[in-house]
Amino acid sequence: MEPVSTTGGSETTRLVGPRDRGGAGGGLRLKSLFTEAPEPLPEEPKPMEISFHHCHREPLPQPGLTPERMQAQRQLCTACAVCCVFMAGEVVGGYLAHSLAIMTDAAHLLADVGSMMGSLFSLWLSTRPATRTMTFGWHRSETLGALASVVSLWMVTGILLYLAFIRLLHSDYHIEGGAMLLTASIAVCANLLMAFVLHQAGPPHSHGSRGPEYAPLEEGSGEPLPLGNTSVRAAFVHVLGDLLQSLGVLIASILIYFKPQYKAADPISTFLFSICALGSTAPTLRDVLRVLMEGTPRSVGFEPVRDTLLSVPGVRATHELHLWSLTFTHYVASAHLAIDSTADPEAVLAEATSRLHSRFGFSSCTLQVEQYQPEMAQCLRCQEPPQA
C-alpha cells in the first residue's frame with residue numbers, strides 16, 4: 001500500500017500488486033478513494049402556493065363545533081336536562097292529582113324535549129363530513145327529528161283529549177287540588193328556569209320586524225345566518241309558550257283548590273291547552289313538509305334570486321333555477337347562467353356565487369355558465385315555472 005499525492009495536497013490510498021511496483025502493466029488495481037466529492041443530492045421541491053378561491057368562497061371548515069355552536073350545545077343540554085326532570089315530576093304529580101291538565105303540560109314538555117334533542121343531534125351530525133353515499137352530509141336529520149317530535153306530541157295529545165272527553169261525559173273523577181297546585185307551581189318555576197338558561201346574552205341581529213330567524217339578507221351586511229343560535233332561539237320561543245300554558249294550569253289548579261266543585265276546569269283546560277299545543281306545532285309541521293318536499297325556503301323568494309343573477313354583468317338569461325333547503329337554515333341553489341360571448345365565465349361565476357351567498361345566505365351554490373343562444377327564449381325547458 002502506498003500513498004499517492006493528488007492535486008491540492010490530498011492523498012489517495014491504493015492497493016497495488018508486485019508487478020505494479022516494478023513498472024509492469026496489465027495488473028488490476030483495487031482503489032479506495034476517500035477524498036472524492038460526493039454526488040450532489042437532488043433538491044426538494046418547494047411547496048406550491050395554491051389559492052383556495054377557485055370555486056369555493058370559504059376554506060375547508062375546521063373540525064369540531066365553532067365556539068358559537070358549542071355555546072348553543074351547552075345551553076340546549078342544560079335546558080333539556082331541566083325539562084326532563086320537571087317533565088317526569090309533572091307526570092308523577094299529574095298522576096297523584098288525577099289531573100289531565102298537568103298531563104297535557106307534561107306532554108308539551110315532551111315535545112320540547114324532542115325538539116331540543118333533535119337540535120343537539122343535528123349539531124353533532126353537522127360535524128360529520130359528507131360521504132359518497134351522503135353527498136350533502138347529515139343535515140337533513142334535524143328535519144326528521146322535528147317531524148318525529150311533532151308526531152309524538154300529536155299522539156299523546158290525542159290520548160289526553162279522549163280522556164278529557166270521557167271525564168266531561170261521566171264526571172266520575174276526583175281532583176287532588178293540593179297536589180295539582182303544587183305541581184303547577186313547580187312547572188311555572190321550571191319554565192322560568194329554562195327561559196333563563198336559553199335567553200341570549202346579547203340582542204339578536206335583525207333586519208326587520210319578523211325577527212332574526214326569517215329575515216332575508218338582501219339588505220344585510222353580507223354575513224351568513226348565525227346557524228348555531230337558531231335552535232336556541234326556537235327552543236326559547238317554545239319555552240315561552242309552555243310558560244303561558246303552565247300559568248293557565250296554575251290558574252285552574254287555584255280554582256279547583258279553593259272551589260272543588262269546579263273540577264270541570266281540569267278537562268276544560270285540557271281541551272284548551274291541547275288545541276294550543278297542536279296549533280303551536282302547525283308552523284313546525286309546515287316547515288318540515290316544505291323541506292322534505294324540496295320547496296323554496298320560506299325566507300327566500302324565487303324572483304329576488306332570479307333578479308340578483310340577472311343583475312350580474314354579462315348575464316343575459318337564467319334558467320333551470322332551483323332553490324331548496326336541507327334544514328330550516330341550510331339553503332342550496334342551482335341554476336344555468338346564459339352569458340354574452342364577450343363575458344368572462346370565471347368572473348361571472350365568482351360574482352354570481354358571491355351575491356347569492358351574501359344576500360340570501362345560501363350554503364351551497366352550483367352554477368353552470370353557458371353561452372347565450374337566441375333560441376333559448378322559445379325553449380320550453382328554459383321557461384320559468386308557474387306561480388304555485
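Both backbone and side-chain heavy atoms feed into the values below; hydrogens, waters and symmetry mates do not.
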**Asked** When you look at Leu120 and Gln73, which way does the side chain to side chain contact (heavy atoms under 4.5 Å, CB included) test go after all the steps?
**Response** CA-CA 6 Å; Leu120 288 171; Gln73 188 180 50; 3.8 Å; yes

**Message:** If you apply the rule side chain to side chain contact (heavy atoms under 4.5 Å, CB included), what do you find for Phe362 with Val305, and how did you get there?
**Reply:** CA-CA 11 Å; Phe362 282 104; Val305 174; 4.1 Å; yes

**Message:** Show, in sequence, the C-alpha distance, side-chain angles and deciding distance for Asn191 and Gln245, and conclude whether the side chain to side chain contact (heavy atoms under 4.5 Å, CB included) test is met.
**Reply:** CA-CA 10 Å; Asn191 283 289; Gln245 178 174 332; over 6 Å; no

**Request:** In sequence, state the C-alpha distance, the side-chain angles, and the governing distance for Tyr95 and Ile102, and then conclude on side chain to side chain contact (heavy atoms under 4.5 Å, CB included).
**Result:** CA-CA 9 Å; Tyr95 176 78; Ile102 297 293; over 6 Å; no

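More than 12 non-hydrogen atoms from other residues, nucleotides or ligands lie less than 6.0 angstrom from CE of Met376. No more than 12 heavy atoms of other residues, nucleotides or ligands shown are found within 6.0 angstrom of CH2 on Trp154.
Of the inter-residue distances, the one linking Leu323 atom CG with Cys365 atom SG reads 9.5 Å to the nearest 0.5 angstrom. For the atom pair OG1 (Thr318) and CZ (Arg316), the distance works out to 13.5 Å, reported to the nearest 0.5 Å. Considering CG of Leu147 and CG of Leu292, their distance stands at 6.5 Å, rounded to 0.5 Å. Here the straight-line distance linking atom OH of Tyr372 with atom CD1 of Ile339 works out to 13.5 Å at 0.5 Å rounding. Rounding to the nearest 0.5 Å places CD of Gln261 at 8.5 Å from CG of Leu255. The structure places OG1 of Thr143 at 8.0 Å from CG of Leu326, a figure rounded to the nearest 0.5 Å.
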All N/O donor-acceptor pairs, side-chain side in residues 379-386, below 3.5 Å, sequence neighbours left out:
unit_1 : atom_1 : unit_2 : atom_2 : d
Gln383 : NE2    : Ala377 : O      : 2.9
Gln383 : NE2    : Cys379 : O      : 2.8
Glu384 : OE1    : Arg306 : NH1    : 2.9
Glu384 : OE2    : Arg306 : NH1    : 3.0

Can you give me every donor-acceptor pair (side chain of residues 85-93, partner residue at least two apart or in another chain, under 3.5 Å) with its distance?
unit_1 : atom_1 : unit_2 : atom_2 : d
Glu90  : OE1    : Ala106 : N      : 3.3

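Cluster annotation: Tyr262 and Leu100 are assigned to distinct hydrophobic clusters (Ile/Leu/Val/Met/Phe/Trp/Tyr, side-chain heavy-atom contacts under 4.5 Å, transitive). In terms of hydrophobic clustering, with Ile, Leu, Val, Met, Phe, Trp and Tyr side chains grouped at heavy-atom distances under 4.5 Å, Trp324 and Leu321 are assigned to different clusters. Under the 4.5 Å side-chain heavy-atom criterion for ILVMFWY residues, a single connected hydrophobic cluster contains both Leu144 and Met155. If you chain together hydrophobic residues whose side chains sit under 4.5 Å apart, Val188 and Met194 never meet in one group. Leu181 and Ile175 are assigned to two separate hydrophobic clusters, defined by single-linkage of ILVMFWY side chains at heavy-atom distances under 4.5 Å.
In this structure, Leu367 and Ser334 have side chains that are not in contact, with every pair of non-hydrogen atoms separated by 4.5 Å or more. Residues Phe258 and Ile256 form no side-chain contact, since every pair of their non-hydrogen atoms from C-beta on lies 4.5 Å or further apart. Contact annotation: the side chain of Phe273 never approaches that of Asp105 to less than 4.5 Å [non-hydrogen atoms, C-beta and beyond]. Residues Thr104 and Thr157 form no side-chain contact, since every pair of their non-hydrogen atoms from C-beta on lies 4.5 Å or further apart. Here the side chains of Val156 and Leu110 are in contact, with some heavy-atom distance below 4.5 Å. No side-chain heavy atom of Ser325 sits less than 4.5 Å from a side-chain heavy atom of Val332. When side chains are defined from C-beta on, Tyr173 does not count as touching Ile166, because their heavy atoms never get closer than 4.5 Å. Contact check for Met180 versus Tyr257: no side-chain heavy atoms found under the 4.5 Å cut-off.
When all heavy atoms of Ala335 and Leu309 are compared, the closest pair comes out as CB-CD1, 4.1 Å. Residues Ala164 and Pro267 approach most closely at O-CB, 3.8 Å, considering heavy atoms. Residue Met116 comes nearest to Cys83 through the heavy atom pair CE-CB, 4.0 Å, listed as atom of the first residue, atom of the second, then distance. The shortest non-hydrogen separation linking Ala79 to Val197 is N-CG1, 4.1 Å. Here the closest non-hydrogen pair linking Val348 and Ala343 is CG2-CB, 4.2 Å. Nearest heavy-atom pair, Gly137 versus Ala130, reported as atom, atom and distance to 0.1 Å: N-CB, 3.8 Å.
In this structure, the side chain of Ser354 does not engage the main chain of Ala350 through any donor-acceptor pair within 3.5 Å. In this structure a side-chain-to-backbone donor-acceptor pair under 3.5 Å is present from Ser311 to Thr308.
Donor-acceptor pairing under 3.5 Å is lacking for the side chains of Ser364 and Tyr331. If you check the side chains of Arg167 and Thr270, you find no donor sitting under 3.5 Å from an acceptor. Between the side chains of Glu370 and Gln368, a donor-acceptor pair is found at a separation under 3.5 Å.
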